[in-house]
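The sequence lines fix the lettering, A, B, ..., with proteins before strands; numbering per chain opens at 1.
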Amino acid sequence: DGGITQSPKYLFRKEGQNVTLSCEQNLNHDAMYWYRQDPGQGLRLIYYSQIVNDFQKGDIAEGYSVSREKKESFPLTVTSAQKNPTAFYLCASSTQIGNTIYFGEGSWLTVV
Amino acid sequence: DAKTTQPPSMDCAEGRAANLPCNHSTISGNEYVYWYRQIHSQGPQYIIHGLKNNETNEMASLIITEDRKSSTLILPHATLRDTAVYYCIGEDMGRRALTFGSGTRLQVQP
């Protein structure tokens, strides 16, 4: 089946530790995105990538880093510099930037 | 980019049409309007999008006013499974990445 796979679904980390969330897509999409969602809130854009080896900051990029070494993969690292990392993280992709976005099932990150 | 305004919540009776409004008065001529919905703790699901003309698919209909300042998403026969948060989004042509607001929480009542 084609789709977007995020892993892990649930992740717990101690404060001060970096953590990397995985996002893989087999849709042959050029563009990929990371969003953050806090309880009861909408989605906020962290980073997006239009093509391999290229990415841009979204609205809340501070404390996060990404890489896009392969078309299929867009991992997100939540660094210790992120003040409030506990949230629901959503990865998405589209055929190209500006086209309809399709989402993965999300990853819950809890930092204790 | 087009800012959108939606009511925070709405109720609808099961089997009736659900009409979800959205204002996007700052939308420019070449920016699409997208609708997504999100069921609790899942990734948002694409519903429909449009530019000027009304659109219909197997999930819903999208009615866009002639001046493009507002639109309505119509679920013709709402079911309990349609209970979700519905997001109306104006495409950000500058960045070309969709920006989500807080959406409308639709509660379908039995």
| request: Please state whether the side chain, the backbone, both or neither of Gln37(A) comes within less than 4.5 Å of a heavy atom of chain B. | output: side chain
| task | Measure the shortest side-chain to side-chain distance between Gln50(A) and Gln96(A) over non-hydrogen atoms and say whether it is less than 4.5 angstrom. | result | no
| query | In residues 100-110 of chain B, which residues are in contact with chain A at a heavy-atom separation under 4.5 Å? | reply | Phe100(B), Gly101(B), Ser102(B)
| request: Answer whether the closest heavy-atom distance between the side chains of Ile101(A) and Tyr36(B) falls below 4.5 Å. | output: yes
| said: Does anything in residues 68-76 of chain A reach chain B? List residues with heavy atoms under 4.5 Å apart, or say none. | reply: none
| field | Check: Gln17(A) side chain, Lys14(A) main-chain N or O, donor-acceptor pair, under 3.5 Å | value | yes
| task | Check whether any side-chain N or O of Asp59(A) sits under 3.5 Å from a backbone N or O of Arg44(A) as a donor-acceptor pair, and report yes or no. | result | no
| Which residue pairs satisfy the disulfide bond (SG atoms under 2.5 Å apart) criterion with at least one member in residues 6-110 of chain A, sequence neighbours excluded? | Cys23(A)-Cys91(A)
| query | Does the side chain of Leu109(A) come within less than 4.5 Å of Val19(A)'s, by heavy atoms? | reply | yes
| query | Using a distance-only test with no angle check, is there a side-chain donor-acceptor pair under 3.5 angstrom linking Tyr48(A) and Tyr35(A)? | reply | no
| said: Within the 4.5 Å heavy-atom criterion, are Val66(A) and Trp34(A) side-chain neighbours or not? | reply: yes
| query | Just checking, any donor-acceptor pair under 3.5 angstrom between side chains of Tyr33(A) and Ser94(A)? | reply | yes
| request: Select all residues of residues 59-72 of chain B having any heavy atom within less than 4.5 Å of some heavy atom of chain A, and report them by number, or 'none'. | output: none
| Is a donor on one side and an acceptor on the other found under 3.5 Å between the side chain of Ser49(A) and the backbone of Asp54(A)? | yes
| message | Tell me if the centroids of the rings in Phe88(A) and Trp108(A) come within less than 6.0 Å of each other. | response | yes
| Part of Gln38(B) lying under 4.5 Å from any heavy atom of chain A | side chain
| request: Measure distances from Leu90(A) to the heavy atoms of chain B and classify the residue's part below 4.5 Å as side chain, backbone, both or neither. | output: side chain
